[in-house]
2 protein chains.
Amino acid sequence: MDFSDYVPSVSVDCVVFGFHQNQLKVLMLKLKHLNLWALPGGFIENNQSATIAADKVLKDRTGLEGIYQQQFHVFTDPERSQTSHIEQLISNDVLDKDVLGWFKNRFISIGYYALVEYSKVNKPEPDFLSEKCQWVSLDELPELMLDHEEIIKRAYVRLNQDLYQKPVGINLLPEKFTMPELQALYETILQKKIDRRNFRRKILSLNIIIDTKEKRMGSNNRAPIVYKFDKTKYHQVLKEGYHINLF
Amino acid sequence: MDFSDYVPSVSVDCVVFGFHQNQLKVLMLKLKHLNLWALPGGFIENNQSATIAADKVLKDRTGLEGIYQQQFHVFTDPERSQTSHIEQLISNDVLDKDVLGWFKNRFISIGYYALVEYSKVNKPEPDFLSEKCQWVSLDELPELMLDHEEIIKRAYVRLNQDLYQKPVGINLLPEKFTMPELQALYETILQKKIDRRNFRRKILSLNIIIDTKEKRMGSNNRAPIVYKFDKTKYHQVLKEGYHINLF
DNA sequence: TCAAAAGTGTTAACTGTACACCCATGT
DNA sequence: ACATGGGTGTACAGTTAACACTTTTGA
């Protein structure tokens with residue numbers, strides 16, 4: 001393995017959020033032969049920006065392109081770099097021992113959070129260090145490598161803050177969705193109950209979603225209206241920001 | 001010069017804001033023999049976090065410790081690294097040519113903004129590359145090295161956003177200040193006029209400033225009340241955040 | 001026709017906004 | 001005593017919050 005194409009000392013870690021069964025999930029990798037989980041991550045090629053590097057990580061794990069991503073923090077504590085898991089991976093023949101030199105470097109990691117439509121991630125792909133890649137519920141995190149738990153926590157805090165400013169949550173839903181679905185998403189991320197009627201009014205007043213004139217049939221109650229985003233207005237609001245008072 | 005103590009490929013740049021004569025100023029360095037200005041910056045020692053490295057930059061330039069600082073963005077565009085100014089500094093004998101190897105690296109820079117009390121910075125110190133270090137008004141920026149103009153712009157955008165969420169502006173004022181002074185600061189940063197009476201009410205309702213029972217004498221009008229921060233409550237609010245509607 | 005959950009509307013409480021007036025200070 | 005600008009109060013408008021009723025769907 002040759003790491004000379006990568007910027008030394010810098011890595012990228014992605015906290016990929018998905019929303020399923022009214023739970024916020026994170027895409028995680030289970031390391032081979034170790035009882036440890038890790039965030040999808042990678043290194044930055046010499047001619048890449050970190051954003052492009054993050055795009056590649058996202059593409060490799062989820063198969064998707066054009067995912068919404070947001071750089072949220074850089075993790076620079078010198079204590080965050082540990083190689084014990086790398087050494088174990090080497091002794092389990094997962095990694096060749098000539099890579100230890102690279103991993104012995106201290107790494108500064110740029111944290112991105114990404115929002116994906118859960119159902120579009122059909123078969124998340126593990127990387128060369130891991131045996132599986134799967135969704136893990138945010139409130140049932142397993143034991144994580146290095147400072148990855150802190151990275152997730154911070155990503156979540158930032159997502160939470162951002163949701164008050166911009167309609168980012170929309171990236172977690174499929175193209176078509178109902179008002180109750182959108183509300184469940186907001187309630188999950190913000191961790192508070194919101195009045196159904198007030199929520200609807202506020203969201204509609206943003207003028208970023210459109211009634212498709214369809215209804216979601218199939219349940220034992222009145223069929224909710226199916227909406228989709230008004231992409232033009234959505235991007236406008238995303239840029240400008242707003243403040244929804246959902247306290 | 002020996003750079004082996006530093007983390008390769010990573011630098012720290014600080015946008016140091018000060019407030020003087022109702023203007024927002026930034027601390028800038030004038031490069032030796034070049035008609036170019038630069039932000040205070042530095043590299044990260046092997047056992048330092050980026051925050052500590054930024055602290056050192058701030059200490060070296062301003063002489064102050066414990067300055068309020070906030071990491072706001074990482075600049076990773078591969079095109080941002082250029083060495084033409086370094087080469088010119090070498091040909092002017094400012095730098096020894098054996099440092100070119102280090103500076104030829106591509107750098108990823110972690111941007112911090114810092115807020116200091118203008119009057120406490122008595123004699124800003126240039127670094128080894130620069131001939132002077134001084135305050136420059138935000139709206140009269142000279143020609144800047146690399147992407148430093150973009151870094152400043154982004155720092156300002158972030159400061160602006162943060163001011164709506166947390167009472168950060170306080171760090172730009174001396175320990176004791178009056179309501180009109182605080183308002184002038186807000187109006188400058190937010191770039192909008194605010195109604196005097198409404199401003200006062202909102203700020204006071206945050207309960208983070210205390211009437212010192214003193215008055216600022218000396219001008220031809222009613223002497224304004226002198227306030228100071230309630231540090232305990234201030235730090236609490238800083239952590240929790242709020243939203244002031246000053247639109 | 002019933003339960004469940006969605007759509008719609010109304011009012012009271014609160015917050016923000018736009019003002020006018022009075023007061024202290026130095027000349 | 002007057003000009004200047006700071007401190008205080010108040011009423012209106014706009015927004016948010018709390019809540020009740022009607023409608024649609026599948027069983």
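Per chain, numbering begins at 1; letters A, B, ... match sequence-line order.
Of the candidates C/dA6, D/dG5, C/dC19, the closest approach to any side-chain atom of B/Asn221 belongs to D/dG5. When distances are taken from the side chain of A/Asn198 to each of C/dT17, C/dG7, D/dA17, the shortest belongs to D/dA17.
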**ring pair (Phe, Tyr, Trp, His ring centres under 6.0 Å) evaluation trace for A/Phe177 with A/Phe229** = CA-CA 9 Å; A/Phe177 57 90; A/Phe229 300 110; 4.6 Å; yes
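Salt bridge absent: A/Lys166 and A/Glu240 never bring a charged side-chain N and a carboxylate O closer than 4.0 Å. For B/Lys192 and B/Glu187, the salt-bridge test fails: no basic side-chain N is under 4.0 Å from an acidic carboxylate O. A salt bridge links A/Glu125 and A/Lys123; the closest N-O separation between the charged side-chain nitrogens and carboxylate oxygens is under 4.0 Å. Between A/Arg80 and A/Glu150, no side-chain nitrogen of the basic residue sits less than 4.0 Å from a carboxylate oxygen of the acidic one, so the salt-bridge criterion is not met. Between B/Asp162 and B/Arg158 there is a salt bridge, since a side-chain N of the basic residue sits under 4.0 Å from a carboxylate O of the acidic one.
Atom C1' of nucleotide D/dG5 and atom CZ of B/Arg200 are separated by 12 Å, given to the nearest angstrom. Rounded to whole Å, atom C1' of D/dG7 lies 14 Å from atom NZ of B/Lys213. A/Phe199 places its CZ atom 14 Å from the C1' atom of C/dA6, with the value rounded to the nearest Å. Here the P atom of nucleotide D/dG7 and the CD atom of B/Glu214 are 14 Å apart, to the nearest Å. One atom, NZ of A/Lys215, and another, P of C/dA5, lie 18 Å apart when rounded to the nearest Å. Rounded to whole Å, atom C1' of C/dG7 lies 11 Å from atom CG of A/Asp211. Atom-to-atom, CZ of A/Arg216 to P of C/dG7 comes out at 11 Å; the value is rounded to the nearest Å. B/Glu181 has its CD atom 13 Å from the C1' atom of D/dG5, to the nearest Å.
The stretch residues 222-229 of chain A touches DNA chain D through A/Arg222, A/Ala223, each having a heavy atom within less than 4.0 Å of the strand.
Backbone-only engagement by B/Ser219 is indicated by non-hydrogen atom pairs under 4.0 Å involving sugar-phosphate atoms exclusively.
Checking the phosphate oxygens (OP1, OP2) of D/dT15, no side-chain nitrogen or oxygen of A/Lys202 falls inside 4.0 Å. At D/dG7, none of the side-chain N or O atoms of B/Arg196 fall inside 4.0 Å of OP1 or OP2 (strictly under the cut-off).
For B/Arg197 and C/dA20, a side-chain-to-base donor-acceptor distance below 3.5 Å is present, hydrogens and geometry of angles not being considered.
Taking for each of A/Arg201 and A/Asn220 the nucleotide of DNA chain C with the nearest heavy atom, the 5'-most of the two is the partner of A/Asn220.
Between the side chain of B/His20 and the main chain of B/Tyr118, no donor-acceptor pair closer than 3.5 Å is present.
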